[in-house]
Each structure stands twice: as structure tokens, then as C-alpha cells.
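A quick write-up on the structure given underneath.
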Amino acid sequence: SQKLPLEGVVNLKAWFDFAHRSLSAGLVQFEPSWLQWSMEDAPQKFEIQSGSISWLPKDTGWEISSTDLNFVTNGEHWPDLKLAAKQQDDAFYAYVSRLDLPTLFPLLPLFPGVDLAVLEQWFHLAPEGSVGPIRLYQSAKQPLLASAHIKQLHWQKVEGIPNTNPLDLALQWQNDSLVFSLPEQTYTLDFGDQFSAPLVLHGAQLTGAFDTQRATLSVPEVLLENDDIGVSAALKLDFSAEASMSLAANVAVKNAANADRYFPVKAMGEALVEYLDGAIKAGQSQNAQMLWQGALAHFPFEDNSGVFQAA
């Protein structure tokens with residue numbers, strides 16, 4: 001894969017105390033440091049202006065804590081940042097205070113598995129919102145567990161991926177799987193010119209999982225409704241290559257007069273839309289089924305690379 005040119009400087013001072021032939025304390029003090037690279041001629045810069053991290057032994061393990069960390073991304077200061085970790089007997093605990101998603105982007109190239117394609121997708125989606133606090137726990141010979149909350153998450157509409165109003169969700173990590181749950185809330189989904197206007201639907205609580213090994217996101221049950229329709233669906237998104245979706249949905253029509261608002265004209269074609277609209281309004285059908293399988297960017301699959309069916 002193509003390498004991303006990175007430039008950076010790390011400045012720090014470290015002190016360690018030794019007593020009785022063992023390490024009794026440690027302190028790392030950061031001095032002005034930076035990491036910089038560019039994405040589509042837009043410079044991305046992360047700076048550490050000041051702060052320190054200390055290590056202290058305890059009777060049953062050790063503790064790490066931060067003091068006055070001052071991080072900056074593209075000229076914007078991070079929220080008050082606290083880091084803490086400890087080993088107590090056979091258990092490990094860690095804590096990271098709230099992080100703002102836009103401030104993390106310049107650091108992504110440092111993470112294993114984040115290649116240029118992932119960076120480009122993040123750059124164009126430009127996600128916003130906050131994550132945290134993040135809590136981690138691991139007991140002896142057990143997998144790492146982690147949990148966090150994301151608040152006011154939203155992103156830009158890119159390559160068939162719709163954007164939405166800000167969302168809240170909870171995350172839990174275990175065994176290479178990120179499980180997420182969303183509370184009951186209202187969604188405003190903007191698919192661009194696929195529909196006559198953004199879709200506003202009230203959603204029941206839902207749970208899904210993101211498999212980090214396969215880069216797939218699965219939601220076994222999605223329940224959405226408004227005054228016009230009710231939707232019961234199952235979906236899977238695959239990000240291992242080009243973003244693609246598999247979706248099977250049942251649609252119950254509650255207000256036939258507005259049924260045409262929910263037909264993607266570009267995908268279904270004028271003839272099918274007119275037929276379904278006429279049949280529903282004539283009382284010949286009050287339900288519909290929808291099947292979608294293919295790359296989001298290729299919708300409405302004029303190249304026959306995917307399937308979209310509605311009946």
C-alpha cells in the first residue's frame with residue numbers, strides 16, 4: 001500500500017528513582033513536540049505543548065497518571081485531558097477522559113491497520129462528536145474489555161453513505177468485536193438526490209456489532225417508523241474494500257397518500273414508482289419488501305454490480 005509521508009519531532013525529559021535495586025518512581029515531562037502530514041493538500045498537525053505522566057509503584061501493583069496535558073490539533077486545543085492506568089494484583093484498569101473526534105485525525109496513521117484508504121474515507125466523512133470517557137479492564141488470562149459513550153456523532157454524506165442528525169450511542173469492546181447500542185431516538189437521514197427530501201424516522205433501541213477483523217458492521221434488527229410508514233429491517237455493511245451494504249426490509253404503509261416520498265426514484269425508475277404509488281393509493285397493497293445488495297457508491301446499480309428490488 002502507498003506510504004504516507006510523516007514528519008515529527010518528539011521532545012521530552014524523563015526522571016527515574018531507584019531504591020533497593022528497583023525502580024521506585026518515574027516521571028516523563030513533555031516539551032513542545034509535533035507530528036505533521038497532509039491529506040489532499042490539507043495539512044494535518046498534532047502538537048504536544050506541555051504536560052507530564054508519572055509512574056508510581058504500589059503494594060499490589062503500580063499506577064500511572066497524567067498532569068496538565070496540553071494537546072493541540074490543527075490549532076485547536078483538546079478538551080481537558082486525563083489519562084490514568086493501574087495494575088492491581090492480576091487486574092489492569094485504565095481511563096481516558098472525553099476526546100473530540102476531529103482532534104484524533106492527525107494521529108490515525110500511527111495506529112496499526114490504518115492505511116491510506118481508511119484515512120481518505122475518514123477525511124471525507126469528517127466525523128464529529130465526542131467519545132468518552134473510555135474505560136478499560138482486563139483480568140488475568142482474559143480478553144481486554146472496554147466501554148465508552150459517543151455523543152452527538154454525525155458525518156458528511158460521501159459515496160452513497162447518508163449523513164444523519166447527531167446521534168448518541170454506547171460502545172463495548174471484546175474479542176475483536178465492537179458492540180454498539182443506540183437508545184430510542186429520531187433519525188434524519190439524507191441520501192441526497194435519491195429521495196425528494198431527507199427521511200425523518202423514529203427508531204427503537206437497537207444493538208449491532210462491528211467486526212474489526214472482517215471490517216463488517218451488522219445490525220440484526222432495525223425498527224423505524226413515522227406517521228407514514230413502519231420499517232423492519234436487517235442490514236450488514238462491509239468496509240473491507242469499497243463500502244457495500246446488504247439490506248432486507250419489510251415496509252408497512254400507514255399513510256398511503258405519502259408513500260411516494262419513500263421510493264428512491266433514481267434506483268427504482270419512474271415506471272415502478274408510479275405503479276407502486278398507484279397500487280398503494282388504490283388500496284391494492286399496504287406493504288412492501290425491499291432488498292439491497294451492493295456497493296453504496298454504485299447505487300442505483302446501472303452497471304449491474306448490485307441488486308435493488310422493491311415490490
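Just so it is clear, the model here is predicted, and its values are computed rather than measured.
- Between K254 and D227 there is no salt bridge, since none of the side-chain N atoms of the basic residue sits less than 4.0 Å from a carboxylate O of the acidic one.
- Annotation: cation-pi geometry satisfied between K45 and W34 (NZ/CZ under 6.0 angstrom from ring centroid, within 45° of ring axis).
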Full working for ring-ring contact (aromatic ring centres under 6.0 Å, His included) between W173 and F210:
CA-CA 10 Å; W173 168 271; F210 182 76; 9.0 Å; no

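- Here CG of N165 is found 5.5 Å from CG of L167. Values are rounded to the nearest 0.5 Å.
- Residue E7 holds its CD atom at 8.5 Å from OG of S38, rounded to the nearest 0.5 Å.
- The residues D100 and R98 are annotated as salt-bridged, a charged nitrogen and a carboxylate oxygen being separated by less than 4.0 angstrom.
- Within the 3.5 Å criterion, the main-chain N or O of L99 finds no donor-acceptor partner in the side chain of W78.
- Between the CD atom of E63 and the OG atom of S54 there is a distance of 9.0 Å, given to the nearest 0.5 Å.
- Distance check, rounded to the nearest 0.5 Å: NE2 of H124 to CD of Q156 gives 11.5 Å.
- Taken together through direct or relayed side-chain contacts under 4.5 Å among Ile, Leu, Val, Met, Phe, Trp and Tyr, L223 and V200 form parts of separate hydrophobic clusters.
- No side-chain heavy atom of D68 sits under 4.5 Å from any side-chain heavy atom of F30.
- Heavy atoms from other residues, nucleotides or ligands lying under 6.0 Å from CG of D17 number more than 12.
- Within a 6.0 Å radius of CG in D90, other residues, nucleotides and ligands contribute 12 heavy atoms or fewer.
- Atom CG of L101 and atom CD of Q152 lie 11.5 Å apart (nearest 0.5 Å).
- For F46 and F71, the distance between ring centers is under 6.0 angstrom.
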